[in-house]
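Just so it is clear, the values below take in all heavy atoms, side chains as well, and ignore hydrogens, waters and symmetry mates. This one's a predicted model, so the numbers in the text were calculated from it and none came from an experiment.
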Amino acid sequence: MSEFCLKGENVHLWRGDHHVLRGVRFQVGAGECLQLTGANGTGKTTLLRTACGLAYPEGGEITWRGQNIREDMRAFHAQLAYLGHEPPLKSELTARENLHYWIGVRRRLEGRELDQALERVGGNQWADRPVRTLSAGQKRRAALAGLTLMRVPLWLLDEPTTNLDAEGQKLVGTLIDEHVQAGGVALAAVHHELAVSRPNGLRRMELTFD
Amino acid sequence: MRHFLDMGGYWPFVWPAYAVTFAVMALNIIWARRLLKRSRKEALRRLTIGGTEK
Amino acid sequence: MTDSGTMMPPVRPAFDSASDATHPAVTALAAARLVLARDLKLAFRKRSQLVQPLAFFAIVTTLFPLGVSPELSRLRPMAAGVLWAAALLASLLALEMLFRDDAQDGTLEQYALSGGSLTWLLAAKTAAHWLLTGLPLALMAPLAGIALGAPNGAVPGIVVSVAVGTVALSLIGSIGAALTLGIRRSGALLSLLTLPLDIPVLIFGARATELAIGGEAYGVPLQLLAAVAVLGLTLAPLAAAAAVRINLE
Amino acid sequence: MAWTWFHRLASPPHVYRLSARLTPWLAWPAALLIVAGLIGGLWLAPPDYQQGDGYRIIYVHAPSAWMSLFVYTTMAVAAGIGLIWRMKVAHAVAAASAPVGASFTFAALVTGSLWGKPMWGTYWQWDPRLTSELILLFLYLGYMGLRSAFDDVQRADRASAVLAVVGLVNVPIIHYSVVWWNSLHQAPSLMYLGKPTMPPSMYVPLLIMLVGFTLFYGAVLLVRLRGEVLSRERAASWIREAVRA
């Protein structure tokens with residue numbers, strides 16, 4: 001199989017009468033992180049959802065490792081992690097239970113992996129509390145733990161630093177750093193510049209209304 | 001003619017049945033034309049507003 | 001020499017960059033079992049939602065004696081119909097919540113992007129829905145039946161027919177719930193979509209119950225009911241998965 | 001590719017122009033056949049030996065009932081094609097069909113009950129045909145209700161298509177279960193005619209009406225289709241000419 005590379009060619013998408021994505025082109029390869037910036041409503045989320053195959057572009061195509069993602073959607077999905085606006089957590093379950101069910105659907109968790117991931121995001125204190133009692137930042141951290149647990153080469157992140165304190169924002173930067181260093185690919189929609197310590201491999205793209 | 005309209009005494013059933021059916025057909029014609037007219041107007045409006053692509 | 005090297009925790013490879021299989025994959029069945037376990041656990045953490053359809057069922061069956069007559073001889077002929085209409089509405093009531101929460105918090109998205117079969121995961125969710133509403137309804141139905149004049153001997157027949165019928169109801173309902181999950185205040189629309197499709201279940205189920213109450217053999221309608229359930233089992237999760245994908249677009 | 005001719009045929013501008021051109025070719029024969037059927041059914045056909053002139057309702061009831069099923073099938077098949085191949089024109093056909101089918105289902109119900117009154121002494125009997133017709137009307141209403149619940153045409157198309165296909169799988173099951181249910185309770189059923197065999201003077205007008213109604217559906221469908229195709233196109237250059245024309 002060819003190298004990790006997510007590529008969008010002339011992607012068009014409408015929402016009703018609104019032409020949201022107007023021939024968007026992008027390319028992120030192994031060891032790269034592409035930051036999507038742009039005002040609200042310029043289609044950052046839509047682009048991410050299109051890139052992961054949830055939304056269907058009416059023009060153009062998206063390829064992963066040189067193959068249109070629609071050709072083998074499941075194999076493509078097995079290689080990507082998508083984090084949306086909301087952390088996909090159930091408020092009645094604890095953070096640990098949430099991760100167990102969320103990640104368990106994708107892959108078998110081994111040994112102390114879950115503990116380590118929670119530790120990594122500073123979750124020792126609250127891992128066993130119901131998510132309902134956690135702050136928005138803690139929920140976001142739990143979601144980041146899930147992200148690292150998926151162990152997939154492609155990350156698609158929608159505003160990963162929302163609700164995070166300075167330290168948490170740094171954590172996002174470090175996680176992306178490590179991911180990219182290991183040869184992974186990241187595509188992130190952001191409002192604020194990511195706190196990435198090794199800026200080589202970091203690229204920016206701005207979406208505008210025209 | 002009287003005989004025909006009487007429908008052997010069944011006129012209160014036969015004629016309303018035909019009336020309803022033809023009313024439905026007439027309505028279908030009217031609705032279809034109205035839909036087409038509205039869609040044309042709407043398409044024109046879109047062309048003038050979002051006239052970025054010609 | 002480099003201080004960073006010693007500070008790093010033992011890093012396991014984030015992914016295997018050479019192969020396509022990036023991790024030990026989970027079989028569809030194992031994933032489905034996990035979803036089922038999760039939904040059951042969630043339901044037991046908020047019990048009020050569990051009880052509501054059952055209470056609804058009890059209230060509706062209580063209305064009929066009050067509205068018609070307290071005489072069991074007059075209630076008995078309509079007991080099967082009342083039971084089934086009430087069961088249909090109770091199962092419908094619970095349907096609205098089937099995918100709602102998971103759609104709102106992004107869990108459905110994660111399922112759709114899991115790389116596994118969305119159909120299986122939704123089948124598991126529907127199975128959980130049946131275990132939480134259909135099965136309790138089947139266990140409660142004989143009580144209501146007896147209250148409406150059914151003899152004690154009818155109990156197994158009522159339980160079996162309601163249990164099999166609610167499997168079909170949950171499956172058909174999962175399609176409606178998936179189709180309307182993006183729509184606000186979808187209750188009335190959901191009924192309009194689902195109830196006409198439920199009619200065969202109502203007919204065969206009510207007939208089986210009626211025969212059971214009358215002390216007759218109810219094998220034929222029960223088999224027809226089971227056939228509908230099996231057909232639903234094979235097709236409904238596929239349709240629901242398609243509908244969920246459409247609503248995530 | 002072997003599919004290119006198909007795609008060209010199904011391209012919106014082509015469909016729009018073709019529908020405009022074909023409409024009169026369906027509408028006039030439809031009108032002619034329906035008038036001929038009316039003359040044949042109301043004047044030329046002899047009265048039935050049991051139902052007298054009351055049976056003449058068949059010339060509007062049966063074609064309406066036929067339409068209700070035929071349009072539903074067309075709609076569901078088109079919706080399925082649209083779903084599988086992401087073909088906008090197929091979705092447009094489905095969207096254009098629903099109100100036509102629903103209205104004829106309504107006509108079939110009303111004419112059926114008007115026919116039932118002199119036979120049963122009541123306007124409504126739970127006979128299998130009328131009951132199935134009623135359920136079919138609910139299926140149509142559900143389809144149109146779901147469609148109108150979405151703001152986005154694309155999503156409405158695709159979601160309602162799933163429902164139409166599921167409905168199509170269910171229609172035979174519903175019909176069978178209703179017939180089965182009816183046979184248990186021995187309710188009277190709508191007897192179409194007293195005699196087992198119809199003379200040609202009776203059934204020829206019926207056939208003419210069936211064809212006439214079907215052509216009428218075709219003509220209405222083509223007009224609606226143009227509207228539906230237009231509302232699915234965005235700022236394409238062909239629209240300007242098409243709308244002016």
Side-chain angles (χ1 to χ4, degrees), chain C residues 77 81 168 171-176 178-208 210-211 216 220-221 223-225 227-232 234-249, chain D residues 68 72 76 79-80 82-84 86 91 102 105 126 128 131-185 187:
Chain C
L171 287 162
I172 296 170
S174 74
I175 305 173
L179 282 171
T180 54
L181 64 84
I183 298 166
R184 273 173 289 121
R185 283 197 289 279
S186 58
L189 182 61
L190 180 59
S191 333
L192 183 60
L193 301 188
T194 312
L195 288 177
L197 302 175
D198 284 342
I199 282 169
V201 180
L202 174 70
I203 288 176
F204 297 139
R207 181 65 183 164
E210 191 187 344
L211 290 174
E216 294 170 69
V220 174
Q223 280 161 16
L224 291 169
L225 193 60
V228 174
V230 168
L231 186 71
T234 49
L235 296 181
L238 282 172
V244 164
R245 285 231 157 81
I246 289 163
N247 275 311
L248 288 177
E249 251 178 37
Chain D
S68 65
Y72 195 89
L83 199 60
I84 295 169
R86 285 191 174 264
H91 283 306
T105 311
W126 291 98
T131 311
S132 289
E133 238 7 277
L134 183 63
I135 298 169
L136 193 57
L137 182 63
F138 291 144
L139 287 179
Y140 273 117
L141 292 180
Y143 176 88
M144 295 196 292
L146 182 66
R147 183 170 269 294
S148 64
F150 291 95
D151 300 325
D152 186 32
V153 191
Q154 310 277 318
R155 196 175 293 190
D157 277 347
R158 296 174 56 68
S160 58
V162 172
L163 183 67
V165 173
V166 170
L168 188 64
V169 173
N170 252 283
V171 162
I173 303 175
I174 292 173
H175 183 72
Y176 171 75
S177 69
V178 168
V179 169
W180 185 84
W181 157 78
N182 192 261
S183 70
L184 297 174
H185 299 280

* Kindly indicate whether the side chain of C:N247, heavy atoms from C-beta on, has any atom under 4.5 Å from the side chain of D:F150. => yes
* Less than 4.5 Å apart, any side-chain heavy atom of D:L83 and any of C:I246? -> yes
* Decide side chain to side chain contact (heavy atoms under 4.5 Å, CB included) for C:F204 and D:W180; before the verdict, give the C-alpha distance in whole Å, the side-chain angles of both, and the deciding distance to 0.1 Å. => CA-CA 9 Å; C:F204 297 139; D:W180 185 84; 3.7 Å; yes
* Structure fact -> Among residues 178-186 of chain C, residues within the sub-4.5 Å heavy-atom range of chain D, in order of number, are C:L179, C:T180, C:I183
* Structure fact -> Ordered numerically, the heavy-atom neighbours of chain C under 4.5 Å found in residues 168-177 of chain D are D:V169, D:N170, D:I173, D:I174, D:Y176, D:S177
If you compare all heavy atoms of [X] against all heavy atoms of [Y], which two are closest, and at what distance to 0.1 Å?
{"X": "D:G167", "Y": "C:L197", "result": "CA-CD2, 4.1 Å"}
{"X": "C:A239", "Y": "D:V166", "result": "CB-CG2, 3.9 Å"}
{"X": "D:G145", "Y": "C:L189", "result": "C-CD1, 3.6 Å"}

* Flag the one option from C:L190, C:I175, C:I203, C:V228 with the top tally of heavy-atom pairs under 4.5 Å to chain D. => C:I203
* Between C:L224, C:I172, C:L235, which has the largest tally of heavy atom pairs under 4.5 Å with chain D? -> C:L224
* Check for a donor-acceptor pair, side chain of D:R155 on one end and backbone N or O of C:E249 on the other, with a separation under 3.5 Å. => yes
* Asked: In terms of heavy-atom proximity below 4.5 Å to chain D, should C:L231 be classed as side chain, backbone, both, or neither?
  -> side chain
* With a 4.5 angstrom heavy-atom cut-off, could you sort out which part of D:L136 is near chain C: side chain, backbone, both or neither? => neither
* To do: Pick whichever of D:V162, D:L146, D:L163 has the most heavy-atom pairs under 4.5 Å with chain C.
  => D:L146
